[in-house]
Amino acid sequence: MPELPEVEVVRAGLEPAITGATVTAVTVLDERSLRRHPGPPEDFVDRLTGATLLAPARRGKYMWVPIVPQPPLREPVETQPESAPLPELVEGGSESPSSALVVHLGMSGQVLLREPSVEDRLTRIRLDLAHPDHGALRLNFVDQRIFGSMAIDELVPVTDARSQTIPSQVAHIARDPVDQLFDESAFLRKLAVRKTGIKRALLDQTLVSGIGNIYADEALWAARIHYEQPTNTLSRLRAKVLLGEVRAVLAKALAEGGTSFDTQYLNVNGESGYFAHSLNAYGQQGEPCPRCGRQIIRETFMNRGSHFCPFCQLLRLG
DNA sequence: AAGTAATCCTGATCGC
DNA sequence: TGCGATCAGGATTACT
């Protein structure tokens, strides 16, 4: 479930269930779901098996679970070559983790928490877990289109805060608008010099992360801005209003458990969100605009749909 | 350098 | 019922 609210629903659902659990088995059913793993599938399995999972984190549409690797088995002393002094790298219980399981849901990914041995159709990767308090459980990574992925990646320091880390493959995206450290003035500055349409900019994860096609259309409708309005023609005030609408729609969707059009987009317990009932523009082509009553239309844009009210959301040029 | 199209995929659904 | 076309919530890559 792709956009920020849906990913956050998954992250929040995972947190109490898997934090502190140990991975007992890893089954890769389709290697294409490891396309973002920097190494062969066996490497993914080896690094994850036996590892302990810490509390899941998120930025934008990416989620990751920091992992503490299985402590390496002590080699029998007699096999140690020479007597090279070994660095005391283990016992670092207070050390912060250096790697994480990175999960991206793509267009159709789901993370489902199940009783042991439960199977789900279209499962691409399966993790069997043992939790000290909750016992055994199974995590099925389901993904119809295989645009999503799992990967083990190194955690690197962020550049804009102390003692925070992020997977290296996520480091290039901007913070999301619900992040306390989101740099609003930097976003507005970049927006002002961009030469592109506003929707393209909203979907550019290096400018602001977490927004996808649904919430871009919803926020633009709320702010009464046409999706092709050039970014450099938006006043700072209009841009700030738009950002406010983005935050509002993301928060409301999160409160309602995300958007589910059908059984494909579910939380970790296989349940739908309710925000689909609150959509004003997305998927509402042919329906009356909730504000002015005229028909919402859909246009093809970036190989997908843009939904808007042609009366409320006028393209203003010049 | 920056902006935009092309590409990666499968499965559900719709119209004929 | 069958079959092809269409559509889907994303991000990276390769061009211009």
Side-chain angles (χ1 to χ4, degrees), chain A residues 1-10 29-38 58-63 102-111 120-125 141-151 153 167-174 176 190-220 227-228 230-232 246 249-250 253-254 256-267 272-279 281-286 298-307:
Chain A
M1 353 201 352
E3 303 182 46
L4 186 154
E6 292 78 28
V7 179
E8 176 57 23
V9 165
V10 171
L29 298 154
D30 195 319
E31 298 187 355
R32 291 174 298 178
S33 291
L34 292 176
R35 74 177 71 219
R36 298 181 64 89
H37 178 71
R58 182 192 56 73
R59 175 180 290 193
K61 304 171 198 171
Y62 282 91
M63 178 175 69
V102 185
V103 182
H104 195 280
L105 300 175
M107 293 280 253
S108 54
Q110 301 174 31
V111 176
D120 285 294
R121 214 165 75 83
L122 304 179
T123 297
R124 309 300 186 189
I125 296 173
F141 179 69
V142 174
D143 188 11
Q144 179 197 121
R145 293 176 74 184
I146 322 185
F147 287 171
S149 61
M150 280 187 158
D153 194 16
S168 65
Q169 63 182 243
V170 186
H172 67 289
I173 74 169
D176 57 62
K190 289 178 188 168
L191 205 60
V193 299
R194 274 253 163 148
K195 299 192 79 69
T196 189
I198 183 60
K199 183 169 175 183
R200 260 204 166 83
L202 288 179
L203 296 176
D204 182 345
Q205 306 295 301
T206 68
L207 266 184
V208 53
S209 66
I211 306 167
N213 207 33
I214 295 178
Y215 301 114
D217 281 0
E218 290 300 306
L220 287 168
Y227 68 95
E228 285 186 304
T231 51
N232 57 2
V246 166
V249 72
L250 293 178
L254 179 57
E256 296 182 23
T259 301
S260 306
F261 296 132
D262 48 41
T263 57
Q264 198 169 39
Y265 303 97
L266 308 169
N267 69 11
S272 297
Y274 290 95
F275 191 73
H277 303 291
S278 305
L279 294 171
Y282 185 88
Q284 305 303 301
Q285 61 270 28
R298 175 187 191 274
E299 288 181 0
T300 299
F301 172 72
M302 290 174 78
N303 268 337
R304 57 229 301 198
S306 249
H307 313 75

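As a basis for the values below, the full set of heavy atoms in this structure was taken, side chains included, without hydrogen atoms, waters or symmetry mates. This one's a predicted model, so the numbers in the text were calculated from it and none came from an experiment.
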Between [N] and [X], is there an OP1 or OP2 to side-chain N/O distance shorter than 4.0 Å?
X: T196(A); N: dT4(B); result: yes
X: Y215(A); N: dG9(C); result: no
X: R200(A); N: dA11(C); result: no
X: Q144(A); N: dG11(B); result: no
X: K195(A); N: dG3(B); result: no
X: H172(A); N: dT12(C); result: yes
X: R145(A); N: dG10(C); result: no
X: H104(A); N: dG10(C); result: no
X: R298(A); N: dA8(C); result: yes

Complementary nucleotide for dC9(B) - Watson-Crick or wobble, under 3.5 Å: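 Across any shown strand, dC9(B) pairs with none.
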
Pair assignment for dT4(B), Watson-Crick or G-U wobble, requiring both distances under 3.5 Å: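 The base-pairing partner of dT4(B), which may sit in any strand shown, is dA14(C).
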
Nearest-nucleotide comparison on DNA chain B, the residue closer to the 5′ end among M302(A) and R32(A):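 Comparing both residues, the 5'-ward one is M302(A).
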
Candidates dT12(C), dG11(B), dG10(C) - which lies nearest the side chain of R121(A):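 Looking only at heavy atoms from C-beta outward on R121(A), the closest nucleotide is dG11(B).
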
When the distance from [atom1] of [X] to [atom2] of [N] is rounded to whole Å, what number comes out?
X: R304(A); N: dG9(C); atom1: CZ; atom2: P; value: 6 Å
X: I211(A); N: dA11(C); atom1: CD1; atom2: C1'; value: 15 Å
X: R36(A); N: dC8(B); atom1: CZ; atom2: C1'; value: 13 Å
X: K61(A); N: dT12(C); atom1: NZ; atom2: P; value: 10 Å
X: F141(A); N: dT10(B); atom1: CZ; atom2: C1'; value: 14 Å
X: N303(A); N: dA6(B); atom1: CG; atom2: P; value: 8 Å
X: D204(A); N: dT12(C); atom1: CG; atom2: C1'; value: 12 Å
X: M63(A); N: dG10(C); atom1: CE; atom2: P; value: 16 Å

Quick check: closest heavy atoms across [X] and [Y], and the distance to 0.1 Å?
X: L220(A); Y: K199(A); answer: CD1-CB, 3.9 Å
X: Q205(A); Y: I211(A); answer: NE2-O, 3.0 Å
X: A219(A); Y: V249(A); answer: CB-CG1, 4.3 Å
X: E256(A); Y: F275(A); answer: OE1-CA, 3.4 Å

Nearest-angstrom distance, P atom, dC9(B) to dA14(C):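 That atom pair is separated by 14 Å.
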
Distance-only side-chain donor-acceptor flag, S260(A) / Y274(A), under 3.5 Å: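 Absent: no donor and acceptor within the cut-off.
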
Mutual orientation of the aromatic rings belonging to H307(A) and Y282(A) [parallel < 30°, tilted 30-60°, perpendicular > 60°]: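 Plane angle between 30° and 60°, so tilted.
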
Sugar-phosphate, base or nothing in reach of Y62(A), heavy atoms under 4.0 Å: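 Contact class for Y62(A): sugar-phosphate only.
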
